[in-house]
Structures are given as C-alpha cells and as structure tokens.
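Beneath this line is the structure, given in structure tokens, with notes to follow.
Below, chain A is the first sequence line, B the second, and so on; all start at residue 1.
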Amino acid sequence: MQDYLLPLNEQQREAVLYTEGALMIVAGAGSGKTKVLTTRIGHLINNGVDSFRILALTFTNKAAKEMKERIEHMLGNSEARNLYIGTFHSVFSRILRVEAERLGYPNNFTIYDTDDAKSVLKNIIKEQNLDEKIYKVAYVFNRISASKNNLYTYKEYQADHAAQQEDARSNRPLIGQLFEAYSKRCFKNGAMDFDDLLVNMYILLTNFPEVLAKYQHKFRYVMIDEYQDTNLAQYHIIKLLGAVHENICVVGDDAQSIYSFRGASMENIFQFQKDYDDVKIIKLEQNYRSSKTILDAANQVITNNKNQIKKELWTDKAAGEKIKLVGTFTDNDEGKFVADAIIEHKLRNHYKNKDFAILYRTNAQSRAFEESLRRLNINYKIFGGLSFYQRKEVKDYVAYLRILVNTQDEESLRRIINYPARGIGTTTINKISFEAQTQNKTFWEILLEAQSIGFKGATLTAIQDFVLMIRNVQGMLEKKNAYEIAFEIGKVSGIVKDLHADKTVEGLARYENLQELQNSIKEYTETPTEDGEVVERSLGAYLQQITLLTDANENEEDGDTVKLMTIHASKGLEFPCVFVVGLEENIFPSSMSMYDREDLEEERRLFYVAITRAKEKVWISFASNRYRFGSLIQNEPSRFIDELPTQLVDANLSSKPKKQNPFAGPSKPASPSSADKTIQQKKVFSSASTTHVASANFKEDDTSGLEVGMQVEHQRFGFGNVTSLEGAIANKIATIDFGTMGEKKIMLNYAKLRIVRG
DNA sequence: TGCGCAGGTGTTTTT
DNA sequence: CACCTGCGCA
C-alpha cells in the first residue's frame, strides 16, 4: 500500500481509492475531509492522471490555497501548480476571461464587487426617478442576486408569475424593469458582478457546445468541496462539466450548511444522488478534532433540527473539559472577560495567542473584543469586515487601473472622473451619463466627443485633460509592466499626491494603503512564471484576481495572534480554544432568522459550526446589555444555551467579579435581625439621594433560590422587592422595585444581592 | 463647487 | 454610535 494511504481510516481510504464514477462523501465536522480530498488528488496524479485535467472547486480562496499546498507537499514536486483549484468564482472568471468575447464581453471585463454593483444599481434607480425609500438598493439587489443564483435572467424574471406577484405585494412592481436595466448596464460597462460569473459560465456552457465539449474533455476529474453550500447555478455548472466523464466527487456536510442566504440549497445533496446511475456514498464519521465533550455537545444541539441526514459523528478522544458558560452584564464586560481568560489560560497552560479564536455572529460585535485585547496588549487579527480592497482610497486607485484596461466601465469612470477634484462636477457627470444612455454610447465615448456634445470652457478643458491623461498612460500598456503603469497613473492622476498631502493619522494610513497596493502589484508583476504554464502578469489579469480576493494579506496569518471572525468565516478552520460570544436572542439566533423554522435551523447549524471549531476548550458567553445603534438594549440569553446538555456545561465562573453558579443548589440564606431591617428600610425609602450606601452587614447571598415577593438589598440601588423572575437556568433575571430608584432588571448571575427577607 | 451641519437610518452571514 | 444624504451657504 502506498504510504500516503496509511494514515487514513477505512472510510477515508475508500474515498481516496474510489476514483471513477460519481462519489458523494458525507463528511462530518473534523472528519478529515480536506485530508481525503488532497490525498485523493495526489493519488490520482500518482497514478498517472495529468494534473491539468483535475478540477477542484472550493468556496474560499483560503481552502483552495491550503489544498494546493498540501498536495504540493504530498507529491514533493510542483505538479500541483497545474491543477485547476480555486473558488467557483475565480476558476470561472479565469475561463470567462478566455471565452469572454463569445458572450460579447471584452476579455478584460471588470469584475464588480457588491459595493460596485450596488452603486450601479443605485444610479439606475435614480435615473428612473423611483423612490429610493421604496426601491432600496439592498432590497432590489438581493432580489436580483437571488434570481441570478437560480439562473433567472431578467426576461425570465419578468415572465415569472410568482416573482411578479411578490413584487406587486411588496409594492415594488418595477423590480423586473430594474433587473433588466441593471443587466444591460453591466453588460454595456463590460462588467460582471459575482453572480454574473456563475450565470455567464452557465450560459457559456449551454450556448456554445464547442466550449462545453472543450472543458468537459479537459476536466477528467471534478471535485467539489463544501457541496452543501452550492446554489442552483453552481449545481448546473458542475453537472454540465462532469457529464462526459462522470468522475464527480462532491464533499459536504448538511449539518454545516450555512449559506442559504446566498442561494445555497441542501436540495443539491439529494439531487446529486438522483443524477447519476450509481452514486457511491461514503460517510466520514470519526471526528479527529474535538474532545468528546465538545463533540457530544455539538451533536446534541444539532438533534434539535428536523432536516438532516442521519450520521453519527464519534470520537475516541477523552472527554476533556466541560464547556464554560459565562454571562456578563454588558458587551464590554464580555470583551473584558474574554481578554482576561486568554491571559489566564496562556499563563496556566502555555497556550499562545494563536491558539485562541473569538467567534461571533456579526462583524459589528468585534469592537468590544478589539478594545479589551488592545488594552491587555494581546496581539490579534480580525478577519472579514472591511477588506483592504474595499477601502475608499484603494477602490479609487483600482478604478483608475480598471479604466486603463476597460474604458467601457462607467462605474469606475464616475468614481474617479472628479477625484482628485478637477472641475468635473455632478451636473457635468449627469449630463455625460444622460447622453451616454440616450445615444446608446458608453460614458467614455461621450467624453471623447465632449466638444460636439456641447461642453465648453473650463468644463471642456477639464474633460479633455482627463481623457488625455488616461490615454497617455494607456499608451504605455504594451511597453511597461503592470507595476510601472500603476505607478504612473497614481502619479499623473494626482491621487498619490493628494493623500500624501493629508498629514492626519487617517490620511497617513490611506497613503500607506496606496503604497501597499502598489507593492502588491509589484509583487504580482515580479512573481516568476511558473514552470510549464504561461502565467499572465498583465494589469488586466491582476485586476481580475484582486476583486475576488477577500483580503490583501491572507497569507501572513501565521503570526501569533488571537483570531477574531464571524462564525461563517471560521468554517473549515480549527483552534485549540474557542470563544463563541454573543449568545443572545436577536443576535444569535439573529432577529432576522427567528421566525421561520428553516432560518432558525440554519442558525442552529451555525452554532454547531462554531462549537465544532474547537479542539480542546469552548467558552460560550452572553451579555445581558449591549450597545446597538448607540443605545443600550437588553437581550435574553440565547435559546441555544438551553439546548446544551447541562452535564457538559460548567457555569462556574473563574473570572472576577465572582459570580454565582446558576446550576448550584440552594444555599444558606443570611438572616439579618428584624431591627436592622426596619431601620435600613426607612432610611432608603425616605431618602431622595441617588447613591445608596450599603449596610455594614452587607454580604452577597446566593440568589438561586430567589422568589417573587422577597426583599433584597443591592449595593447601589438599595432595598427593593422582587416583582418578577424570568430567564433560563443559566441566566435568571429579576425585576426588582427599588422604590425611589425605580424598577430595575437585575441579572442574578452578576449582581450582588443580599436577601433581606425571604 | 465644496464644505459643514442636521437629520435620518441601519446590523446578519460572503464570493 | 457611525455613516451617509441632502441641504444651505460661501
């Protein structure tokens, strides 16, 4: 047996060796999925399959990169470089770049990210004089995007009864019309948005049989990672590409399907089994990542979902530590708690920063953790959020670069035609745009004939100077490399100078970002041609790939930093210690996804994903008060907390301030003398003072047995009567009437209360 | 044309 | 809170 098969278990080995025909690998969390995929590809190459004929599609650049590196390592040569491994979007854009002209696009078509696309759409909504309050860009864009992911063109959308009805119902009957205008505008701009990369790939394969044949023949083996996250467009493309050889291997886990908002459908898993005569199904059920406690908790949580494929994930690892549950008063306290816990565990167990991850539901939650980590000098890195390429100054620079290779791109032109300010204002821009639309010419073409359009004086000169500047740099495209061109346009456009002049801290950072962009182009330009393959290092090729890149420096992740990211972004990763934070109703599950079974189950799968990232330790935390939109809001602890098996959860809090164990039984109540009680009561209730001075005999009591009607003392609020109790085991909240101090909701986990009378 | 200010509005999740 | 938009003014 080849030695690379030795470390595999029976099912893994079977999956590697089953190379011909349709194969579906149902791979539970941490079951060695990537190992199987990479070994499988390595095995194919080892057995004489030409690496150029293997296609592997992933969802993230990171996953693609990791697979490529692992295969390279396994083979010990550079064969892996020839593999087609990448995200759906990047592989398709690479193919579309070659075939673009068949579809009427320029080869140097621009790829619009979501911000660009929304900006185009917004202009169209304005042009059509629609009410932007009703036709909200985000809403309209989502409708269009969802349609495209289901392979609906605007024509089909307009003809679709259900879609029309839905839009009529939501009082937005003109979305079909906007869809049409948007599609036509993007086409005119020589641009594709993310969804177009899929749609156009599909159109290419269905409308051009010779192209279909070419790629069907080329890719003898097709592998799809994270198959549960594919949408309808992706499903059909996969099916088309694999139809000749039918050597299709998909790997997925229904329990980790968390992208339905992007059109992903678990239905594709079931459909796959029907599409081929003889589908082999292999289940990988042994988890090699997490402790038994962690795995059992995750398994238990997921049983609350109705829709799932039966599978039993097990481990032979030891139970390990219990999951730690922590409730704090505010989101800032939650941040402090996590930072403290990291310090403590680093000291106690020799963990490093990089052994910790903080996972949250929404990007906005990162703030409190950033602050607390910074305060304790813990190095961290945030993934996601605003990426390098989404920054304004970088987008401006990129817009210039885009115009150099694709003058059709109106969106980019609009962006930079008056930045830095050169006297071409909104009035002028609107006029140019209007002329472009009515004469059915591109924005750029109108600029070229500015004089005959009727522009005069300073405006005309400004336009002509702008055109001349762009053309001059364009003239260098053949002679100079991408970096030299980028440097030149940065200089002559004045953007580099403009930011250099800004001496504020932010201005300096922006200037540095421009330099970093230049460096990245330089690096790209200078990367040597890979052996065997002719690699294009043009500006056009550079631009194409960066829009699909999530972040500028994904590769320098190995620093010793605590990782902060959304749970979505954490999929596929693993860490020794994981903090899953913000476990509150309305946050997690999100308020957007609580009122529908399917949505809620997806939130639960998300929770499952979060827990199963951890190898050794899991903390779960929630805050009862949190800043949102500037004001403090209160949330109940998440229902998911109650779904954790209590015997696997430790609610003992190791951090200060010392808190009660909500799972602990009743305790010895303190019994103050009745004399004390009367005096203190009088004092508090007759005083208008806002600060209460705690009684001399103040002593924190166990409040787990607190009941309505009891009288208590709070250090700051004074004496009060318990009027109601709510909340789950982990987090009881008492409403207490403190008389002049008003009625307060008090979290018993946190607050120090003395029971005055039971 | 550009800037400053008031007012409104938004937060899932991502290629 | 933080960002964006629209408006009024110089």
A side-chain contact here means heavy atoms from C-beta on lying under 4.5 Å apart; do A:Tyr182 and A:Phe141 qualify?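 Of all side-chain heavy-atom pairs linking A:Phe141 with A:Tyr182, at least one is under 4.5 Å.
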Counting only distance, no hydrogens or angles, is the base of B:dT15 paired donor-acceptor with the side chain of A:Thr114 under 3.5 Å? yes
Out of [options], which has the shortest distance to the side chain of [X]?
X        : options               : value
A:Ala364 : B:dG2, B:dT11, C:dT5  : B:dT11
A:Arg361 : B:dG2, B:dT12, B:dT15 : B:dT12
A:Ala421 : B:dT12, B:dT13, B:dG2 : B:dG2

When you measure from the side chain of A:Asn123 to the backbone of A:Val120, do you find a donor-acceptor pair of N or O atoms at a distance under 3.5 Å? no
Taking side chain to side chain donor-acceptor pair (under 3.5 Å) as the definition, give me every residue that meets it alongside A:Glu132, ordered by chain and number, with sequence neighbours left out. none
Is any NZ, NE, NH1 or NH2 atom of the basic residue among A:Asp116 and A:Lys395 found under 4.0 Å from an Asp or Glu carboxylate oxygen of the other?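 Salt bridge flag = yes for A:Lys395 with A:Asp116.
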Would you call A:Glu603 and A:Arg639 a salt bridge, taking side-chain N to carboxylate O under 4.0 Å as the test? no
Could you tell me whether [X] contacts a base, only the sugar-phosphate backbone, or nothing, with contacts defined as non-hydrogen atoms closer than 4.0 Å?
X        : answer
A:Ser593 : base
A:Phe588 : nothing
A:Phe88  : nothing

Going by ring centres under 5.5 Å and near-parallel planes (under 30°), is A:Phe629 stacked on B:dT11?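 No.
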Do any side-chain nitrogens or oxygens of [X] fall under 4.0 Å of OP1 or OP2 in [N]?
X        : N      : value
A:Asn363 : B:dT11 : no
A:Lys136 : B:dG10 : yes
A:Asn149 : B:dT15 : no

In whole angstrom, give the distance that lies between atom [atom1] of [X] and atom [atom2] of [N].
X        : N      : atom1 : atom2 : value
A:Asn123 : C:dT5  : CG    : P     : 11 Å
A:Leu57  : B:dT15 : CG    : P     : 15 Å
A:Ile258 : B:dT14 : CD1   : P     : 9 Å
A:Leu198 : B:dT14 : CG    : C1'   : 13 Å

Between A:Glu602 and A:Thr427, which has a closest nucleotide on DNA chain B that is more 5'? A:Thr427
Which comes earlier along DNA chain B counting from the 5' end, the contact point of A:Ala138 or that of A:Ser90, where each point is its nearest nucleotide? A:Ala138
